[in-house]
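Read the structure below first, then the notes.
The shown structure was predicted, so the numbers you read here are calculated from the model rather than taken from an experiment. Every heavy atom of this structure was used, including side-chain atoms; hydrogens, water molecules and symmetry mates were not. Every chain is numbered from 1 and lettered A, B, ... according to where its sequence line falls, protein lines coming before strand lines.
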Number of protein chains: 2
Amino acid sequence: MKRTGFAEASCPVARALDAIGDVWSLLIVRDAFDGLRRFGDFQKNLGIAKGMLSARLHRLVELGVLEPVPASDGSAYQEYALTKKGRDLFPVVVSLRQWGEANLYARGEVHSDLVDEAGQPVGKLVLPSRAGRPLTWSDTRVRKAGARKR
Amino acid sequence: MKRTGFAEASCPVARALDAIGDVWSLLIVRDAFDGLRRFGDFQKNLGIAKGMLSARLHRLVELGVLEPVPASDGSAYQEYALTKKGRDLFPVVVSLRQWGEANLYARGEVHSDLVDEAGQPVGKLVLPSRAGRPLTWSDTRVRKAGARKR
DNA sequence: CTGTCCAGTCTTATTTTAGGACCAGTCTGA
DNA sequence: TCAGACTGGTCCTAAAATAAGACTGGACAG
């Protein structure tokens with residue numbers, strides 16, 4: 001029997017990880033946010049094995065994160081564009097980036113930066129309460145759904 | 001020769017994924033936010049193989065995401081508590097949760113919810129510009145560091 | 001046409017993971 | 001107090017995922 005994974009979990013975190021919780025998928029999405037669209041561009045940029053890339057792209061298309069579109073330069077080739085569902089991953093990529101920046105670099109070590117149109121570094125992600133007050137981990141808790149599995 | 005992974009990448013997203021970009025690590029962290037602290041509790045709740053859990057916990061400790069602390073109930077056993085670095089992962093877990101909620105559930109399907117102390121559902125994560133204006137994916141770009149690898 | 005580029009598929013070797021069996025200290029209650 | 005259960009692992013094996021590269025067939029440029 002096949003292992004189900006977490007695709008049916010009642011916890012959205014588990015489901016999300018089941019869908020895109022591997023290194024390559026998220027790196028592909030990150031590159032897509034940077035404007036990459038072609039198989040060869042992803043492959044070159046990531047150094048990923050072609051079979052892996054092929055499988056990941058197909059899975060992301062199947063999930064509705066990417067969609068195949070005709071090449072923007074008029075050639076007969078194909079490109080992969082982020083869908084709405086894919087663009088919705090923006091906060092995921094940004095949160096990983098901010099955690100990495102804050103916790104994984106030695107002082108003085110350089111890294112790429114996320115900036116706005118004016119070239120200004122962006123602020124930190126904020127989780128607002130319904131009333132607009134910023135919340136931290138200690139201000140929140142998870143209210144479980146009825147189901148047993150998480 | 002050993003594969004280096006992305007531990008030295010100049011892109012913080014790649015480094016972050018190299019550190020905690022696997023399903024189990026993030027589920028463990030999610031459970032830690034829910035208050036779980038003991039080996040057996042994680043094991044029961046996740047249904048993870050003990051060897052895997054052991055390896056993951058040790059890695060998270062080594063990374064400084066968790067730290068081993070004496071059991072809070074006075075017994076001789078050990079617990080694992082989130083460090084500052086671990087608590088910094090809060091936005092990562094929340095962003096995954098929100099993406100999952102919005103994109104992975106059929107209408108009417110129930111899931112657990114993140115609520116504040118008053119029991120109110122929380123708002124969506126917001127990325128503010130330095131000036132405080134909310135930014136979306138199309139308002140930002142990545143400014144590369146000097147290095148070649150990403 | 002010919003050679004090169006693009007976007008894959010297929011194959012094989014290696015690494016990782018899942019699932020259990022096993023084990024040594026800790027605690028509990030009869 | 002000591003038998004049995006609980007805790008927190010380690011170790012083994014089988015199965016699955018991944019890396020690396022050879023191979024392929026259509027697109028395109030000269």
Side-chain angles (χ1 to χ4, degrees), chain A residues 1-9 14 17-28 31-32 36-63 66-81 149, chain B residues 1-9 14 17-28 31-32 35-63 66-81 149-150:
Chain A
M1 194 203 293
K2 190 182 166 288
R3 174 99 163 78
T4 305
F6 299 97
E8 323 231 311
L17 288 170
D18 190 65
I20 46 91
D22 69 284
V23 174
W24 290 127
S25 294
L26 281 167
L27 286 177
I28 289 168
D31 278 0
L36 268 58
R37 301 167 68 94
R38 303 269 293 238
F39 187 97
D41 293 335
F42 289 116
Q43 209 253 314
K44 234 169 300 174
N45 195 52
L46 294 170
I48 183 178
K50 297 169 101 184
M52 224 358 56
L53 178 58
S54 181
R56 284 290 174 274
L57 287 174
H58 284 299
R59 175 156 170 74
L60 289 171
V61 167
E62 188 189 335
L63 281 170
L66 296 178
E67 64 182 342
V69 298
S72 47
D73 62 1
S75 76
Y77 299 124
Q78 180 172 276
E79 306 191 340
Y80 295 90
K149 295 195 69 173
Chain B
M1 195 202 290
K2 190 179 166 294
R3 173 99 165 79
T4 306
F6 299 96
E8 323 230 311
L17 288 170
D18 190 65
I20 45 93
D22 68 285
V23 173
W24 290 129
S25 294
L26 281 167
L27 286 176
I28 290 168
D31 278 359
L36 268 57
R37 301 168 68 94
R38 302 270 291 239
F39 187 96
D41 293 334
F42 288 117
Q43 210 252 314
K44 234 168 302 176
N45 194 53
L46 295 170
I48 183 177
K50 297 169 95 181
M52 223 357 57
L53 178 58
S54 181
R56 283 290 174 275
L57 287 173
H58 284 299
R59 173 155 170 76
L60 289 170
V61 167
E62 189 189 333
L63 281 170
L66 296 177
E67 64 183 342
V69 297
S72 47
D73 63 0
S75 74
Y77 300 124
Q78 180 170 276
E79 305 191 341
Y80 294 90
K149 294 194 70 170
R150 335 190 28 152

Lys/Arg-Asp/Glu bridge criterion (N-O < 4.0 Å) met for Asp22(A), Arg59(A): no
Run the salt bridge (charged side-chain N to carboxylate O under 4.0 Å, His left out) test against Arg37(A) and tell me which residues pass, sequence neighbours left out. Glu79(A)
Rounded to the nearest angstrom, tell me the gap between atom NZ in Lys44(B) and atom C1' in dG19(C). 18 Å
Taking all heavy atoms of Leu60(B) and all of Ile20(B), pick out the closest pair and write down the distance. CD2-CG2, 4.0 Å
Give a yes/no on whether any side-chain N or O of Trp24(A) is located under 4.0 angstrom from OP1 or OP2 of dA17(D). no
Return the value, rounded to whole Å, for the distance between atom CZ of Phe39(B) and atom P of dA24(C). 17 Å
Separation of atom CD1 in Ile48(A) from atom P in dA7(C), rounded to whole Å: 15 Å
Distance, rounded to the nearest Å, where Leu53(B) contributes CG and dA18(C) contributes P: 11 Å
Quick one: which of dA7(C), dA20(D), dT26(C) gets closest to the side chain of Ala76(B)? dT26(C)
If you check the His58(B) side chain, which of dA19(D), dT7(D), dT10(D) turns out closest? dT10(D)
Which is it for Phe39(B) and Lys50(B) under the side chain to side chain contact (heavy atoms under 4.5 Å, CB included) test, yes or no, and what are the steps along the way? CA-CA 9 Å; Phe39(B) 187 96; Lys50(B) 297 169 95 181; 4.2 Å; yes
Rounded off to whole Å, could you give me the CG-to-C1' distance for the Asp22(A) and dT17(C) pair? 14 Å
Sorted by position of nearest nucleotide on DNA chain D, 5' first, the leading residue of Asp41(B) and Ala49(A) is Asp41(B)
Think Ser54(B) has a side-chain N or O under 4.0 angstrom from the OP1 or OP2 of dT10(D)? yes
Check whether any side-chain heavy atom of Leu27(A) lies under 4.5 Å from a side-chain heavy atom of Ile48(A), and answer yes or no. no
Taking the side chain of Tyr80(A) as heavy atoms from C-beta outward, which of dG8(C), dT7(D), dT18(D) is closest to it? dG8(C)
Within the distance-only criterion (no hydrogens, no angle test), does the side chain of Glu67(A) pair as donor or acceptor with the backbone N or O of Val61(A) below 3.5 angstrom? no
Between N or O atoms, less than 3.5 Å apart, protein on one side and nucleotides 10-12 of chain C on the other: list the pairs.
none

Which part of the nucleic acid, if any, lies within contact of Gln43(A), taking any heavy atom under 4.0 Å across all strands shown: a base, the sugar-phosphate backbone alone, or nothing? nothing
Whether Arg38(B) contacts dG8(D) is assessed here as follows: a side-chain N or O lying under 4.0 Å from the phosphate OP1 or OP2. Is that the case? yes
Which heavy atom of Leu36(B) sits nearest to which heavy atom of Phe42(B), and what is that distance? O-CZ, 3.4 Å
In this structure, how many angstroms lie between the P atom of dT7(D) and the CG atom of Asp73(B), rounded? 10 Å
Length of the line joining Ile28(A):CD1 and dT18(D):C1', which is rounded to integer Å: 13 Å
Starting at atom CZ of Arg56(A), determine the distance to atom P of dA19(D), rounded to an integer number of angstrom. 8 Å
Taking the side chain of Tyr77(B) as heavy atoms from C-beta outward, which of dG8(D), dG8(C), dC5(C) is closest to it? dG8(D)
